[in-house]
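Some notes on the structure that comes next.
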Amino acid sequence: MQYPTQRMVNMAIKKEEETKEISHEKGDDDTATAAVAEEKMKLSVDEIIEKYVGSFGLSQLLQVVLVSFSWVFDSQNTLVTIFTDAQPSGWRCKTSAINASLSSSWCMNDTAVGGGNEGKLAGHVCGLAAGSWEWIGGNSATTIAEWDLICHRKFLAAIPTSLFFIGSIFGCTFYGRLADVWLGRKKTLLLACILTSITTFFTSLSPNVWIYSFLRFANGFARSGNGICSIVLSMEVVGNKRRGQVGQFGFFFYTAGLLSLPFIAYPIRTHWRYLYRIISLPPLVYIFLLVPLVVESPRWLLVRGRNKEALEVLRKLARWNRKKLPDDIDLIIPSQATTTGSEGDKNENVWTTRWAAKRMIIVMLFGFGVGFVYFGIQLNTENLNFNLYLTVIINALMEIPAIVIGGILLSFTNRRLLSSLSAISAGVLCILCIIFTTASSKNTSSSNWPQLTIEAIGFMASSITFDVLNIYCVELFPTNVRNFAVSMSRASLMLGASLSPLLVAVGRLSPSLSFIVFGALSIVSGTLSVWLPETRNAPLYETLKQQEEEEEEKCCRLRQPTLV
């Protein structure tokens with residue numbers, strides 16, 4: 001009886017030990033499996049977009065189209081002064097002044113002199129007695145006609161446009177910081193649209209040139225947030241390989257806005273105030289009908305510490321693409337991801353990070369030259385011997401091949417090379433215009449089609465540079481400072497644009513000088529991009545620290561010799 005009892009005890013002990021061992025091994029396996037599963041499901045925004053949402057599906061297309069609509073009224077407000085501040089179409093003697101003294105016979109012989117030639121117009125009108133002549137189309141046709149911005153007051157006509165671009169510089173700085181730190185991309189876009197509509201309408205009520213100039217400054221400040229938020233929102237929800245093409249979408253809408261101006265302005269060409277009132281309406285329609293459909297950038301939500309909201313936006317984009325994110329998926333929190341207003345944002349920004357500051361300065365110098373040439377060529381259209389409305393339409397149409405060609409080249413060409421070559425090409429073509437300007441000065445009676453053709457192609461090259469620079473800047477900086485970096489780039493563009501009206505005024509006296517300056521500055525700007533890194537197919541980083549670490553690691557890998 002003793003033996004069975006001992007055997008039973010030994011078996012029980014052995015069974016208990018085996019059970020513990022199995023349980024321990026199972027526990028280790030479960031822990032390891034859980035750790036592996038957790039590691040597998042921690043993904044970055046780029047990885048989730050590429051694997052689960054789709055690089056560029058219906059949801060991203062809808063998002064891009066919705067935010068790109070803001071480019072329409074951005075271009076309308078930027079270039080409306082081509083018509084509202086244009087030289088009047090001509091002048092004529094008043095009937096009561098036919099028998100007036102000194103200038104009566106001279107006035108009758110030179111009736112209806114066109115306003116395309118500033119020298120002739122100023123020379124004729126400035127020599128007439130006050131009240132002996134009147135503008136064709138009335139005093140309400142343009143601001144120059146209404147406030148007599150001719151003769152000794154002619155340089156006042158350049159002030160409103162210059163102040164508009166200066167206002168844009170301050171606005172870029174304001175909106176860039178606002179979108180990165182406080183409101184985000186979507187709410188900042190909404191605010192910019194509201195302020196754009198208000199300032200545009202009040203501009204139409206200006207009683208004199210000084211109030212008008214101030215309101216143009218305010219309008220430039222207000223509208224500068226549209227383009228900044230639009231391009232960043234578009235490019236932060238698509239895959240790496242689609243960013244170049246998506247970045248071009250907004251410029252189609254910018255072209256549409258520019259192309260719409262001649263058709264809006266021509267029927268109301270005798271009332272410049274009506275033009276401002278009409279273009280103040282699209283932003284209001286956009287605010288109520290389209291902005292509510294726009295989603296916030298998941299990248300911005302992530303770096304602000306709002307991980308659940310970022311993941312929910314990605315789930316929504318995936319649903320619209322008829323896809324689904326796994327339930328156990330989670331986002332990798334990048335280094336320096338912060339909550340709103342935290343200390344991380346205060347301690348590190350573009351200017352306190354050496355590599356980012358150097359990169360930003362080069363981009364801004366490049367942007368200054370690009371903005372000066374791009375906007376200067378458009379504003380210079382009034383100095384050509386062509387119908388103003390037709391010239392603006394031709395320039396707007398040249399934007400379309402620029403966008404198409406730029407989009408194709410961006411798909412297989414390096415950003416650095418493309419931006420450099422297009423800027424240099426624009427400069428060379430501007431300088432070539434000098435040959436035809438000299439020829440046309442000898443024969444002012446006929447239109448100079450060769451000059452217009454060369455200038456249009458030069459403008460197309462400048463437009464490609466302008467478009468590529470905006471896309472390039474988005475890719476050069478991480479999410480937590482991206483809007484600020486884009487705003488600084490656009491501020492430099494606006495600084496160049498603010499000086500271009502002065503050169504346009506000089507160009508009325510010496511067209512060759514304006515083409516030389518445009519060409520030289522564009523060529524010099526094109527050489528600056530060689531100091532910028534290439535970003536084609538590179539990931540969009542989330543923070544400055546992450547970008548610095550990963551770019552250094554990539555650089556080290558490239559420097560290591562290949563072992564055979």
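The aromatic rings of Phe368 and Phe372 lie tilted to each other, with the angle between the two planes from 30° to 60°. Ring geometry, Phe83 versus Tyr389: the interplanar angle falls under 30°, so the pair is classed parallel (tilted spans 30 to 60°). Taking the six-membered ring where the residue is Trp, Tyr212 and Trp272 present perpendicular rings, their angle passing 60° and hence far from 30°.
The side-chain heavy atoms of Leu418 and Tyr472, taken from C-beta on, include no pair separated by under 4.5 Å. Side-chain atoms of Phe73 and Ser197, non-hydrogen and from C-beta on, never get closer than 4.5 Å to each other. Side-chain contact between Tyr175 and Ser487 is absent, with no heavy atoms from C-beta onward closer than 4.5 Å. Between Glu455 and Phe515, some side-chain heavy-atom pair lies under the 4.5 Å cut-off. Looking at Leu79 and Val392, their side chains never come closer than 4.5 Å, going by heavy atoms from C-beta outward. Looking at heavy atoms from C-beta onward, Arg216 lies in side-chain contact with Val80 at the 4.5 angstrom threshold. Two residues are said to be in side-chain contact when any heavy atoms from C-beta on lie closer than 4.5 Å; Arg277 and His271 fail this criterion. By the 4.5 Å heavy-atom criterion applied to side chains, Trp210 and Leu156 are counted as neighbours.
Applying the side chain to side chain donor-acceptor pair (under 3.5 Å) test to pairs two or more places apart or on separate chains, those with a residue in residues 420-432 are Ser422-Thr465. For residues 515-525, there are no side chain to side chain donor-acceptor pair (under 3.5 Å) pairs, not counting sequence neighbours.
Residues satisfying the salt bridge (Lys or Arg N to Asp or Glu O under 4.0 Å) test with Glu399, not counting sequence neighbours, are none. Phe165 is linked by a ring pair (Phe, Tyr, Trp, His ring centres under 6.0 Å) to Phe375, counting only residues two or more places apart in sequence or in another chain. Tyr254 is linked by a side-chain hydrogen bond (donor to acceptor under 3.5 Å, both in side chains) to nothing, counting only residues two or more places apart in sequence or in another chain. Listed by chain and number, the residues in a side-chain hydrogen bond (donor to acceptor under 3.5 Å, both in side chains) with Ser492 amount to none (sequence neighbours excluded).
With Gln245 contributing its side chain and Gly407 its backbone, the two residues share a donor-acceptor pair below 3.5 Å. Looking only at distances, a side-chain donor or acceptor of Asp180 sits under 3.5 Å from a matching main-chain atom of Phe484.
With rounding to the nearest 0.5 Å, the separation of CG in Leu259 from CG in Leu397 is 5.5 Å. For the atom pair CD (Glu475) and CG (Asn470), the distance works out to 11.5 Å, reported to the nearest 0.5 Å. Distance CD1/Ile211 to OG1/Thr203: 11.0 Å, rounded to 0.5 Å. Rounding to the nearest 0.5 Å gives a distance of 15.5 Å between OG1 of Thr84 and OH of Tyr274. Atom CG in Asn219 sits 8.0 Å away from atom OG in Ser168 (nearest 0.5 Å). Remark: Ile454 CD1 to Phe459 CZ distance equals 15.5 Å, nearest 0.5 Å.
Atom CZ of Phe252 has more than 12 heavy atoms from other residues, nucleotides or ligands within 6.0 Å.
Minimum interatomic distance between Arg490 and Ser224 (heavy atoms only, all atoms of both residues): NE-O, 4.4 Å.
The cationic atom of Arg273 (NZ for Lys, CZ for Arg) does not lie both less than 6.0 Å from the six-membered ring centre of Tyr276 and within 45° of the ring axis.
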